[in-house]
A.B. asks: 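I am attaching a structure below and will ask some questions about it afterwards.
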Amino acid sequence: MSAQGTLQEKSEGPLIAVEDLHTYYGKSHILHGVSLTVGRGEVVGLLGRNGVGKSTTLKTIMGLIYPKQGRIMLEGKAVTSTPAHKLAKLGIAYVPEDRRIFRLLTVMENLRTGLDRPGVTDERKKELLDKVFSYFPVLGERRDQAGGTLSGGEQQMLAIARAMMLEPKIILLDEPTEGLMPRMVSQIRQIIDVLHSEGVAILLVEQNVPLTLEASQRVYIMEKGAIRHHAVSSELKIDDPVIKQYLGV
Amino acid sequence: MASVLTFFTEFPFELFVIQTLNGIVTGMILALIASGLTLIFGIMDVVNFAHGELFMLGAYMGVIVLSTTGSFWLALILATLIVALFGAAMQIVTLRPLVGRDPLTTILATFGVSLILQNYALWQFGPVARKINEPYTGHFNLFYLEYPWYRLVIAGLSAALIGGFWLFLKHGKFGIWIRATMQDRVMAQAMGIPVPLVHTAAFAIGAGMAAASGVLFGPLVGVNHTMGLDWVLKAFIVVVVGGMGNLGGSIAAAIFISLLESYAAIWVSPAQAVIVSFIVLIFTLLFRPTGLFVPTPK
Ligand SMILES: Nc1ncnc2c1ncn2[C@@H]1O[C@H](COP(=O)(O)OP(=O)(O)OP(=O)(O)O)[C@@H](O)[C@H]1O
Ligand SMILES: [Mg+2]
């Protein structure tokens, strides 16, 4: 735990603190005590080989699976086993690895699933839409097209844009660059920076190690359902033995 | 060759027109019932075996309101609202606790509710059929028939209700919530959509539509505790033929099957004409199990 102390969160404590999560799918024990924190506005990477439980960690934080043991704290309050729709209202947004666009809804309707919340004025809605359409012009062009007809990269953009409609405090971003061509990857990279500059925290699960090290402030490395390593991103080199050991790059 | 010729020369054109009209009228009612059934199935994977009893309950509520207020239209509106509320309560009590369980449990639960409602109606209202008087008693001449205007009113009102429901789904926040939940319940929830509430509301809407059909159709058949049975069976056929959970498909299938039955009734007895629906069902299941009126899946 080399980063302990070097990069502690500011006075208010972390935005999200996950403590000793144990999650099961039926009888199979997947998370064996995952603990991590994400500070306000912080981009944190979560790396690990296939099947180590990265996505399961995100799903557990999002309240899509409830842990058998452990706690999830959001801004100091326990939110363990809170239904996902309430967590979304509390400021957690989720971009799953398979994107899960509402295929029969138009691009606009996909966005409206996150926009039609109580307390959002029409002006605010317009601002939010204008913002994502300026970052992702292609979504603006295709606003009346069914989500299922978009290309994979466009669907990824829509999934991120849809999460942004919630004006979240944190986005759980699961392998956003998976299967995308380099130009799309750099666009995703840019949007991560934009969100970071706006103060949105991101918990970023990625296979792309260089991108993760560049985009994040800290990284956790998982193996077999637990965090094995924790480092400040700028201090971790791509050829670090730790990376070889846990990721086999 | 000669027999083909006699078929055409003796083709009962007038009867054909009359039966087309009849088929559309029953088709629209069936579409209204099946829309609710499809909505409920599409959004929560629940096959609502109590749907026919919600139709029956609507008709009885219509009888009660009509006898106290004398207004058919008030009966239609109040019965719809009361049964919608009842549907919401039924969903919360019997189905919400079963979310995520084996679908068999919801079949048993709704089947149980249907038995309770049927026997409650028998106990409360007795075995003798009640009557709902139609709001219009006028007729118009159709060939040799006096065709009741009210039948056309039924078709028009059902179409209006279905159209209104369609607009509600297409536009507005709640329609988007319902469609998003239908497509991906988990992601809808992650987007902050209160999925349990959407489920309850969808069930209430489905129940209300069944009740409205019960009141509308009451004047044609008489209201008794088993009136839901025939309809729900047909509605199930329609939902399967239309492609489970596919709203447009169900509406098309309802009209298609009702028309076929009406035409069949030109040559065979109406009781035998029912067989047509089963034939369509069997052929659909054999050759196009995803539904007759849905685009071929890729
Ligand atoms: N719904 C499920 N039911 C049962 N087991 C599951 C389910 N989802 C995931 N698993 C198992 O849980 C383990 C962790 O899966 P998870 O998706 O969290 O891994 P991951 O780290 O995200 O992998 P990847 O990099 O391939 O996305 C895997 O062994 C997987 O097979
Ligand atoms: Mg994963």
Side-chain angles (χ1 to χ4, degrees), chain A residues 26 58-66 82-120 122 125 144 146-149 155 158-159 161-168 171-172 174, chain B residues 38-39 41-45 92 96-102 166-202 242-251 290-291 293-298:
Chain A
L58 296 194
K59 284 182 199 162
T60 310
I61 297 175
M62 192 65 231
L64 301 176
I65 329 166
Y66 295 150
T82 302
H85 66 274
K86 295 199 175 135
L87 291 173
K89 289 201 174 70
L90 292 173
I92 308 182
Y94 176 53
V95 180
E97 65 190 320
D98 42 4
R99 285 121 201 200
R100 296 181 90 151
I101 291 304
F102 301 113
R103 305 181 65 82
L104 301 177
L105 266 57
T106 64
V107 168
M108 194 63 180
E109 287 168 342
N110 266 279
L111 295 174
R112 281 185 61 188
T113 58
L115 208 53
D116 290 342
R117 293 168 279 137
V120 188
D122 285 348
K125 286 182 189 177
D144 295 320
T149 64
Q155 290 193 13
L158 179 55
R162 183 177 63 176
M164 288 166 67
M165 294 297 109
L166 291 166
E167 299 183 83
I171 299 183
L172 310 174
D174 200 347
Chain B
T38 301
L39 172 70
F41 178 78
I43 202 161
M44 49 194 137
D45 299 332
I92 292 170
R96 194 179 274 183
L98 300 178
V99 169
R101 301 269 194 92
D102 189 327
W166 192 275
L167 287 178
F168 166 80
L169 277 186
K170 269 284 170 226
H171 303 282
K173 148 177 137 170
F174 210 78
I176 292 180
W177 283 9
I178 287 183
R179 284 184 291 138
T181 307
M182 269 188 173
Q183 283 170 49
D184 189 336
R185 184 184 307 161
V186 170
M187 198 57 223
Q189 195 151 19
M191 286 308 296
I193 295 173
V195 168
L197 178 75
V198 172
H199 281 170
T200 304
M244 300 292 281
N246 181 302
L247 204 58
S250 291
I251 293 166
T290 51
F293 297 97
V294 290
T296 312
K298 294 189 192 92

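So you know, we letter chains A, B, ... as the sequences are listed, proteins then strands, and number each from 1. Because the structure is predicted, anything quoted here is derived from the model rather than measured.
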A.B. asks: Could you tell me which residues satisfy salt bridge (Lys or Arg N to Asp or Glu O under 4.0 Å) with B:Asp184, sequence neighbours excluded, listed by chain and number?
C.D. replies: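 So B:Asp184 forms a salt bridge (Lys or Arg N to Asp or Glu O under 4.0 Å) with A:Arg100.
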A.B. asks: Considering only heavy atoms from C-beta outward, does the side chain of A:Val95 approach that of A:Asp174 to under 4.5 Å?
C.D. replies: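 Answer no - side chains too far apart.
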A.B. asks: Is a side-chain N or O of A:Arg99 found less than 3.5 angstrom from the main chain of A:Pro96, in a donor-acceptor match?
C.D. replies: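 No, the answer is negative, given that no donor and acceptor are paired below the 3.5 Å cut-off.
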A.B. asks: Let me know if A:Leu64 has heavy atoms under 4.5 Å from chain B in its side chain, its backbone, both or neither.
C.D. replies: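 It is the side chain, since no backbone atom gets that close.
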A.B. asks: Please classify the contact between A:Pro168 and chain B as side chain, backbone, both or neither, with a heavy-atom cut-off of under 4.5 Å.
C.D. replies: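 Neither part, no heavy atoms under 4.5 Å.
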A.B. asks: Between A:Arg162 and chain B, with a heavy-atom cut-off of 4.5 Å, which part of the residue counts as in contact: side chain, backbone, both or neither?
C.D. replies: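 A:Arg162 touches chain B through backbone and side-chain heavy atoms alike.
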A.B. asks: When only pairs under 4.5 Å are counted, which of A:Leu104, A:Ile101, A:Leu166 shares the most heavy-atom pairs with chain B?
C.D. replies: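 It is A:Leu104.
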A.B. asks: For A:Asp144, enumerate each residue passing the side chain to side chain contact (heavy atoms under 4.5 Å, CB included) test, keeping only those at least two apart in sequence or located in another chain.
C.D. replies: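 A:Asp144 satisfies side chain to side chain contact (heavy atoms under 4.5 Å, CB included) with no residue once adjacent residues are dropped.
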